[in-house]
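Take a look at the structure below.
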Amino acid sequence: MAQKTKMIIDKDFRIAEVDKRVYGSFVEHLGRAIYTGIYQPNHSSADEYGFRKDVIELVKELDVPIIRYPGGNFVSNFFWEDSVGPLEQRKKRLDLAWRTHESNEVGLGEFAKWCDAVYSEVMMAVNLGTRGTADALNLLEYCNLDTDSYYANLRRQHGVEKPYDIKVWCLGNEMDGPWQIGHKTAVEYGRLAAETAKAMKQMDDSLEFVVCGSSYVDMPTFPQWEASVLEESYEYVDYISLHQYYGNQQNDTADFFAKTQDLERFIHTVIATCDFIKAKKRSEKTINLSFDEWNVWYHSLESDNEEMDKNPWQTAPHLLEDIYNFEDAIMNGLILITFLKHADRVKMACLAQLVNVIAPIMTEEDGSAWRQTIFYPFLHASKYGRGYALQPVISTGTHNTSNHTEVTDIESVAVYNEEKEEVTIFAVNRNVDEDVVFEADVRGFRGFQVKEYIVLESDNMKLVNSSKKEAVVPKNRTDYVLKDGIFEAVMKKCSWNVIRLGK
């Protein structure tokens, strides 16, 4: 007989309102993210600006409210001036981060125009690796000011009368990483970030700033890096970044799914560090979290390193093109549930990345754009995860894996959209051996009925999508019961479940 999980949700069990920017993404000048990804003038679907309309439609389907740009590691040697103005005057550059050739055919203005086309905002990163405060101020003036001054006028000369009005700014990228061009110590970086944010606020006091946290949880300097950086910059910044990627290199699906236990510890540690510095400084201000790089990433690592070593300085080479399978989609669903459970502090997040490079959307250079397996949990969360995250009271079985203990069978959270009078339950059965009977007490939502029960289910963890066939797609189930405010269904092992209720 299948195990049973019981959950109670109520509209009063509020964690916090979900910031829609938690469904953000990331486009870096890396591989084919830009060229033959979002931009390909000779493609049959290209619009008047050279953007692929098939990609635009898929991005609009995901409803991504904010997109981080232009990096990533790329930003630490980025000269923004080369990416604006007449194309024939733009300098071609060597990107040291990914050892590729950058034509600057697509730059700041083109990307801002593309973001408008997909109904998104730009999250702009500034180069604090090889450059500093003065260059960040020049970039800000160019982007945001409506003044009679040099860089604001330069933007007008480039045909853009109105400011871009970019509100969220990342102060560099992964500055703790020895691989980073312009790598710094925590105190060096913290001072530079503080002075840059302070100066930029003088120019535009409506800005929000993201300061660099650790590049990933296993960095030897974590979490002392966060503490030292915030010691210097606390009063000038609003968010600290978190980056983390997961993989199943050992081909151990059960343990792969358990890795969100590590994610929980990561988030709790960063929150504790932020709040320690808040207490130490006697501050009234709370620093929130921007998880601005996250995904599954491991399929392509070996071939990518070989390609960059043996064939440097290519334009738009095939790099980081992970082909995702079914279990990767389930893992991403677990990550999204974790973010929603921390909606009070995780206010922004960027699925890294958006097109071709470790991405939910892939393109063929002479063909179509298509959805990877990971497209779907992100789509469902972005579409139905707007409102108030609700803290579930949940009783579920547990199991042990090769590296984790007391792993819950069911991971779940609910989001209540008061305006639409809808509540959505997101749930993953991460038990790899057994189906689970899932019972949800929704009596707090009197008069609500099931609008839709969407699932991703498969017995084949390695099933993938391609341009020829989408083997992993959502389906609707009707074999559930809702009686007297109690919902019940059997959740298949290794499954993503979206239960939508409304009046």
Side-chain angles (χ1 to χ4, degrees), residues 18 20 22-26 54-65 118 245-246 248 253 256-257 260 294-297 299 321-340 349-363 368-386 410-415 422 424-430 438 451-478 489 491-500:
V18 177
K20 68 179 182 179
V22 81
Y23 306 118
S25 193
F26 179 25
D54 55 352
V55 172
I56 286 173
E57 290 309 309
L58 288 176
V59 175
K60 283 162 64 176
E61 194 176 329
L62 287 175
D63 195 4
V64 180
V118 298
Y245 298 95
Y246 295 97
N248 187 17
T253 302
F256 181 42
F257 291 164
T260 48
W294 70 272
N295 204 344
V296 171
W297 176 20
H299 297 283
E321 296 196 12
D322 277 32
I323 299 300
Y324 290 112
N325 58 33
F326 177 82
E327 67 184 6
D328 298 331
I330 301 303
M331 182 61 183
N332 275 16
L334 285 162
I335 293 169
L336 287 160
I337 287 171
T338 306
F339 291 164
L340 290 171
C350 300
L351 175 66
Q353 293 187 21
L354 187 55
V355 183
N356 285 333
V357 173
I358 49 174
I361 298 166
M362 296 295 290
T363 69
S368 63
W370 51 277
R371 303 169 186 84
Q372 291 233 60
T373 63
I374 64 169
F375 184 96
Y376 291 107
F378 188 92
L379 169 70
H380 297 148
S382 178
K383 201 170 181 180
Y384 305 123
R386 312 279 178 119
I410 299 290
E411 276 292 290
S412 186
V413 73
V415 177
E422 292 181 353
T424 301
I425 299 168
F426 300 101
V428 169
N429 178 5
R430 58 176 165 182
F438 179 81
K451 298 181 75 170
E452 197 173 20
Y453 179 16
I454 310 166
V455 296
L456 285 178
E457 298 171 342
S458 177
D459 291 325
N460 182 357
M461 297 297 102
K462 310 304 180 185
L463 203 59
V464 300
N465 289 351
S466 71
S467 61
K468 295 178 177 61
K469 182 182 179 183
E470 287 195 10
V472 178
V473 292
K475 67 178 184 180
N476 284 69
R477 280 179 49 183
T478 57
M491 288 188 176
K492 302 294 185 183
K493 62 184 181 182
C494 305
S495 64
W496 164 253
N497 301 263
V498 181
I499 303 157
R500 299 181 56 227

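In this text the structure is predicted, and so the values were computed from the model without any measurement. Computed over heavy atoms, backbone and side chain alike; hydrogens, waters and symmetry mates excluded.
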- Message: Quick one about S495 and N497 (side-chain donor to acceptor, distance below 3.5 Å, no hydrogens or angles considered), yes or no?
- Response: yes
- Task: Can you measure from CG (D328) to OH (Y246) and round to the nearest 0.5 angstrom?
- Result: 14.0 Å
- Message: Take a 6.0 Å sphere around CG of N476 and say whether it holds more than 12 heavy atoms from other residues, nucleotides or ligands.
- Response: yes
- Item | Exam field: side chain Y23 to backbone G385, donor-acceptor pair closer than 3.5 Å | yes
- Does R386 reach the side chain of V18, with side-chain heavy atoms less than 4.5 Å apart? no
- Query: Does some side-chain heavy atom of T260 sit less than 4.5 Å from a side-chain heavy atom of R430?
  - Reply: yes
- Give the intermediate values and the outcome of side-chain contact (heavy atoms from CB on, under 4.5 Å) for residues F426 and L336. CA-CA 9 Å; F426 300 101; L336 287 160; over 6 Å; no
- Item | S382 side chain to L62 backbone, donor-acceptor under 3.5 Å | yes
- Given W496 and I337, is the side-chain contact (heavy atoms from CB on, under 4.5 Å) satisfied, shown in steps? CA-CA 11 Å; W496 164 253; I337 287 171; 4.0 Å; yes
- Query: Any side-chain heavy atom of K468 sitting closer than 4.5 Å to one from W370?
  - Reply: no
- Does the side chain of T363 come under 3.5 Å of the side chain of N356 through a donor N or O and an acceptor N or O? yes
- Say you draw a straight line from CD1 of I330 to OG1 of T253; how long is it, rounded to the nearest 0.5 Å? 10.5 Å
- Message: Determine whether a donor-acceptor pair (N or O, by modelled atom type, separation under 3.5 Å) exists between the side chain of D322 and the backbone of Y324.
- Response: no
- Chi angles and distances behind the side-chain contact (heavy atoms from CB on, under 4.5 Å) call for E470, F375: CA-CA 11 Å; E470 287 195 10; F375 184 96; over 6 Å; no
- Message: I'd like to check V296 versus Y245 (side-chain heavy atoms, cut-off strictly below 4.5 Å). Are they in contact?
- Response: no
- Message: With heavy-atom distances below 4.5 Å as the criterion, would you say the side chains of K493 and D459 are in contact?
- Response: yes
- Query: Of all heavy-atom pairs between P377 and A329, which one has the smallest distance, and what is that distance?
  - Reply: CG-O, 3.3 Å
- Item | Exercise: identify the closest heavy-atom pair between F26 and Q353 | O-CB, 3.2 Å
- A471 and V464 have their tightest heavy-atom pair at CB-O, 3.4 Å
- Query: So do the side chains of S412 and I425 get within less than 4.5 Å of each other, counting heavy atoms only?
  - Reply: yes
- Query: Which value, rounded to the nearest 0.5 Å, describes the distance between D63 atom CG and Y384 atom OH?
  - Reply: 11.5 Å
- Query: What pair of heavy atoms forms the shortest contact from M491 to R477, and how long is it?
  - Reply: CA-NH1, 4.4 Å
- Which value, rounded to the nearest 0.5 Å, describes the distance between F326 atom CZ and C494 atom SG? 7.0 Å
- How many angstroms lie between CD1 in I361 and CG in L58, if you round to the nearest 0.5 Å? 5.0 Å
- Are side-chain heavy atoms of I499 and F438 found at a separation under 4.5 Å? yes
- Item | Side-chain (T424) to main-chain (V415) donor-acceptor, under 3.5 angstrom | no
- Query: Quick one: CG on N465 to CZ on R371, what's the gap to the nearest 0.5 Å?
  - Reply: 9.5 Å
- For N295 and W297, indicate whether the former's side chain and the latter's backbone hold a donor-acceptor pair under 3.5 Å. no
- If every non-hydrogen atom of F339 is compared with every non-hydrogen atom of A349, which pair is closest and at what distance? CE1-CB, 3.9 Å
- Note on the structure: Nearest heavy-atom contact between M362 and I323 is CE-CD1, 4.2 Å
- Task: Answer yes or no: is there a side-chain heavy-atom contact under 4.5 Å between N325 and H299?
- Result: yes
- Task: Starting from the C-alpha separation in whole Å, work towards a yes-or-no answer on side-chain contact (heavy atoms from CB on, under 4.5 Å) for V498 and K383.
- Result: CA-CA 11 Å; V498 181; K383 201 170 181 180; over 6 Å; no
- Is the side chain of N429 donor-acceptor paired with the backbone N or O of K492 at a distance under 3.5 Å, no angle test? yes
